[in-house]
Structures are given as C-alpha cells and as structure tokens.
Amino acid sequence: MRIISLNANGIRSAERKGFFEWFEQQDADFLCLQETKARTHQLVDDPAFTRDGYHDCFHDARSKKGYSGVAIYSREQPDEIRTELGREDFDCEGRYIEARFGNLSVVSLYFPSGSSGDERQQYKFRIMEWFAPVLDEWLNSGRDYVVCGDWNIVRSELDIKNWKSNQKNSGCLPEERDWMNDLIDTRGWVDTFRALKPDTVEYTWWSNRGRARENNVGWRIDYQLATPSLRERLQSCSIYRDERFSDHAPFTVDYDA
DNA sequence: CGTAATACG
C-alpha cells in the first residue's frame, strides 16, 4: 500500500507543470493533496483532474476563492467520504477530507498556517486545542488511520535548517512543537518518516523567497501520521527531490498490504 | 516570490 502526499500549492498550477504525468508513474494506491486552491466545480468536470484508474474527491474553501482545499485520489472506491468535523470556522476553509475503505481511513489535512499575522496564529492555536481530542477519537476508534498533510509545524532541530533564528516564527514556536510532539510521543501517533529515519535531515517545504530551495533552507512540516496499528506495516518512505510541481516536496510512504 | 484573485502563505 503506497500513499503519496503533497501540498500542491495550486492543483491547476501543479497539473500544468506535469504533476499528474509524474503521479501516474508512481504506482500509488492513494494520493492526498493539500492547497488545491480551486473550487470543486473547477476540478470535477475537467478531465485534467480526473485520472484513469482512480476515484477522486475534493473539499474546497467555502470562505474564499482560490484558497486552501484538499483532495484524495484512490484506486479503490471509498465506502464513504467525510469533509466536515462539526466546527464551522474549520469546516468552511476546506482543510479536511477523509476517505474510508473498510477499516482504513485516509485523511488529507491542511493544518492552518499562522505566518500571515497574529489573527491567524490565534486561529491556529484554537484549532490545535480543538483538534487534539479529535485525533484522540480517531486513535481510539479501532480504525487504521493515515493522516496525510501539511501540518505547518516542525518537531525538532532535525526538521528545520535555521532552528535558532526561527524560535519566534510560526511553525517553529515552542508551544506548536510541544503540541505536535505530544501527539506523537504521548498520545501515540506514528510520525512515519521519523519512525523509519530517526536521524535523517530532510525537508518538505522551502520558502520561495530568496534562494531557500537551492540552499536547502527548508522545513519538514508535511507528515503522514499513522495509528500504532500501522507501525509494524511500515516499509519505507521517501521525500522526492522533485522541484517541478510545488514549493513543497511530494513524499511517499509504503505500508505492507 | 508564487498562486490565484488582491489575500495568503
């Protein structure tokens, strides 16, 4: 079972850059996209976003055009699609979609960014507080979950080039890191990349200001978090070097069938 | 600075 996740930074932009041709070569069972930046109607009727051999589902932002938005592509037809978690100021921003296949749930999640200002940072903190118990419910549901997405939070010094200078910047704030680490170290979620590569320094996002990407001034803020039930099924993972499609890197995790 | 619509990350 192969799951690929990518913050597409605009699915229409990524498509123009050949993302789906690349995707079709990857032999993936599931693809989770974040920041599709399109209304669902702009995607569902366009063959460019409908791939042979895959089912697709989308959830867009009701609140703003061209903003946020998530998607899942799957070989198997889902039993059920969920897009609402019952909190209006979260549900309206197109940040969550879940596809269910038997006992497996695959989630594409776009966690809020706080980098645009204090208003959004306070929103991010409120979502953190509310979302942790939601994750606990999933963890205790008896279902297998893989929560793929852009979490906009690094965990440790291994996950960011400029650790010291970013301590006061959103995504690397101590209270954000504590929250993320609590999910994994205390509550029991598996950071699949870190579980497979305990000491590896690799990033999933680079600012497009300056020469961040060519200097590898990056952050690891994209994760596939899995329930402990999937830990023994973890095989391998890779973050792709490919810079063609987005300011984030696509990454793959392979799980035993 | 890139995406997609003029804000947001």
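The sequence lines fix the lettering, A, B, ..., with proteins before strands; numbering per chain opens at 1. Here the structure is a predicted model, which is why all the values come from computation and not from measurement.
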Between Phe19(A) (CZ) and dT3(B) (P), how many Å, whole number?
-> 15 Å
Rounded off to whole Å, could you give me the CD-to-P distance for the Glu35(A) and dA7(B) pair?
-> 17 Å
Just how far, in rounded Å, is P of dC8(B) from NZ of Lys65(A)?
-> 15 Å
Gap between atoms CZ and P, on Arg244(A) and dG2(B) respectively (whole Å) = 18 Å
Rounded to whole Å, the CD-C1' distance (Glu243(A) to dG2(B)) equals 14 Å
In terms of the nearest nucleotide of DNA chain B, which residue is placed more toward the 5' end: Gly210(A) or Lys37(A)?
-> Gly210(A)
The side chain of Lys64(A) lies closest to which of these nucleotides: dG9(B), dA5(B), dC8(B)?
-> dC8(B)
Between Gln224(A) and Thr192(A), is any side-chain donor less than 3.5 angstrom from a side-chain acceptor?
-> no
Take the protein atom NZ of Lys124(A) and the nucleotide atom P of dG9(B), then report the distance between them rounded to whole Å.
-> 10 Å
Between dT3(B) (P) and Gln34(A) (CD): distance, integer Å = 17 Å
Could you tell me the separation between the CG atom of Asp247(A) and the P atom of dA4(B), rounded to a whole number of Å?
-> 11 Å
Testing dA5(B), dC8(B), dG2(B) for proximity to the side chain of Arg12(A), the answer is dA5(B)
Check every strand shown and say whether Arg213(A) touches a base, only sugar-phosphate, or nothing at a heavy-atom separation below 4.0 Å.
-> nothing
Determine yes or no for a side-chain-to-main-chain donor-acceptor pair under 3.5 angstrom, with Glu129(A) supplying the side chain and Phe125(A) the backbone.
-> no
Describe, in one word, how the ring planes of Trp189(A) and Tyr145(A) are oriented to each other, choosing from parallel (under 30°), tilted (30 to 60°) and perpendicular (over 60°).
-> perpendicular
Any side-chain N or O of Tyr67(A) less than 4.0 Å from the OP1 or OP2 oxygen of dT6(B)?
-> no
The residue, Gly10(A) or Arg120(A), whose nearest nucleotide of DNA chain B is more 5′ is Gly10(A)
If you look at every strand shown and take non-hydrogen atoms under 4.0 Å, does Asn9(A) touch a base, only sugar-phosphate, or nothing?
-> sugar-phosphate
What do you reckon, is CZ of Arg62(A) surrounded by more than 12 foreign heavy atoms closer than 6.0 Å?
-> yes
Do the side-chain N and O atoms of Gln167(A) and Arg177(A) include a donor-acceptor pair separated by under 3.5 angstrom?
-> yes
When you get a sec, tell me which of dA4(B), dC8(B), dC1(B) is the closest nucleotide to the side chain of Arg209(A)?
-> dC1(B)
